[in-house]
Amino acid sequence: MKQIGTLFLLSLAAACGSRPKPLPRIAIAGLGIESSTFSPAITDEAAFHARYDTAVFRIYPFMAADSPLRGRAVWIPTIVGHALPGGAVTREAYESLLSKTLDSLKAHLPYDGLFFDIHGAMSVVGLDDPEGDMIKRIRKVVGPHTLISTSMDLHGNVSRTLAENTDLITDYRLAPHEDAMETKRRAVEDLLARLDDGKGKPAYKAWIPIPILLPGEKTSTRIEPAKSVFGAVKPTLAQQGIIDGGIWVGYPWADEPRNHAVVMVTGDDSMKVAHAAEQLAHAFWAARSGYAFVAPTASWDRVLDSALASRKHPYFISDMGDNPTAGGAGDVTWALNRLLARPEFRKANGPSLIYASIPGPELVEKAIAAGVGGHVDGYAGAKVDGRFSPPAHLIGTVESIVYGDTDAGVETVVRVGSLQVIVTKKRKPYHKEIDFTRLGLAPRKADIVVVKIGYLEPELYAMRAGWMMALTPGGVDQDIEHLTYKRIQRPMFPFDKDMPEPDLHARFLPASDTFR
Ligand SMILES: [Zn+2]
């Protein structure tokens, strides 16, 4: 049927004296991670879970084999890798993944378009602006005329190099990122639309650096002012003459000149592009003193006391400083050791508390040897980041052992008094109810649930009766005004209190095929 259809179309086209336009050739590439240089953790190549060739399609539900979008181009997927946030990426891992990407791109030239799927906050040991470096080296291979469409996390950084080398760009408009897949799809749709209508590169790219550096926990779009500021992106950009764009908060746990907020807008109408970009930049800047933590925030002891005194259960506590989904090592034991020292939790009938989670491969081995119901005595955590507290000494009963999680490998629950501590072989974020229930835990019935997280992801947010965020130490310390920055641009809000009004006029960047 398919062949007959194609033949019919071809003969129809021949009869009309025209040939059907060949499908555009579009490559897919990208590496995504946010990595903290304030953490001693290091990220290797395996952490990216890189997908090669056609396996790349499985990352994107909108690119399923039978999807309409898949039929609109000849797709050439190369390598796409997404790592859990962590410490800086080794230079070897970065060069290895990038050189494989470049080789794959060289093997299938030429391209009309390239979908560049990145996060934007990768740190690589000994290299500034890795995403800028990556797109420059990709540009060299694919040439100046290929239309590149970049999709990013709003916590990524848009350096001038990245902005100059990409043609189209967009990012998430929600934090937590419930629109992640929708954003990637929009980046692909933007690309297809410009190739289909023959307009190609946008006539104008406006880029505005904004001297603000904030943690994501202060710019959640669940609450004001970020709710309105980011809520305005879509209506502001929905105009004839504008293609896409966005507001980038940037990433505060790396110390480079590119770490700050940015607004970028692309389109063909210079006035509209500039005006929209300036409007968004002014709105983000004007709201600066209103950005605050998304939940009540206090020291660990005050937060735990509040949770114990509260009648609201489950009471969630964010152990924020070691949030592995922001770049923390995930094995800081500072909060866990404080829990183990509290007398309230010593007896089995004390307040029930689930602690998610701590990596402890040796303790996991002991738990496997003891079996469910068995007794364990061993240490967990502080292998990667032991700066704040030593390994936690857990003496208790094994309640469950579950194998096969992509991130954790093996997960066990160890009961110590009234604490249920999740001990994993490798670090894993706990964001969903099933992450708990599959281990036999009942977070809805627990008095307190402690998670290494900043703002709660949607399922836990919906489950919470109470919630506070604890200012704990770690690689993504939320108290960023106490971090030592040497290389970010100054003045910068909130570090320089009496800074002058910044220049928020749109900078028009040259098209990617004209500036070199
Ligand atoms: Zn993010």
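On a predicted model such as this, the values are computed, not experimentally measured, just so you know. All ligand and atom numbering here is 1-based and tracks the order in the structure.
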Just wondering, do K201 and L147 contact through their side chains at under 4.5 Å, heavy atoms? yes

Would you please classify the geometry between the Y251 ring and the W253 ring as parallel, tilted or perpendicular, with 30° and 60° separating the classes? perpendicular

Applying ring pair (Phe, Tyr, Trp, His ring centres under 6.0 Å) to F116 and not counting sequence neighbours gives none

Hey, can you tell me if H177 and H155 have their rings parallel, tilted or perpendicular (30° and 60° cut-offs)? tilted

In the shown structure, where waters are left out, how many protein N, O or S atoms lie under 2.8 Å from the Zn ion (ligand 1)? 4

Is it the case that atom CZ in R70 sees more than 12 heavy atoms from other parts of the structure closer than 6.0 Å? yes

Can you tell me how the ring of W334 sits relative to the ring of W300, calling it parallel under 30°, perpendicular over 60° and tilted otherwise? perpendicular

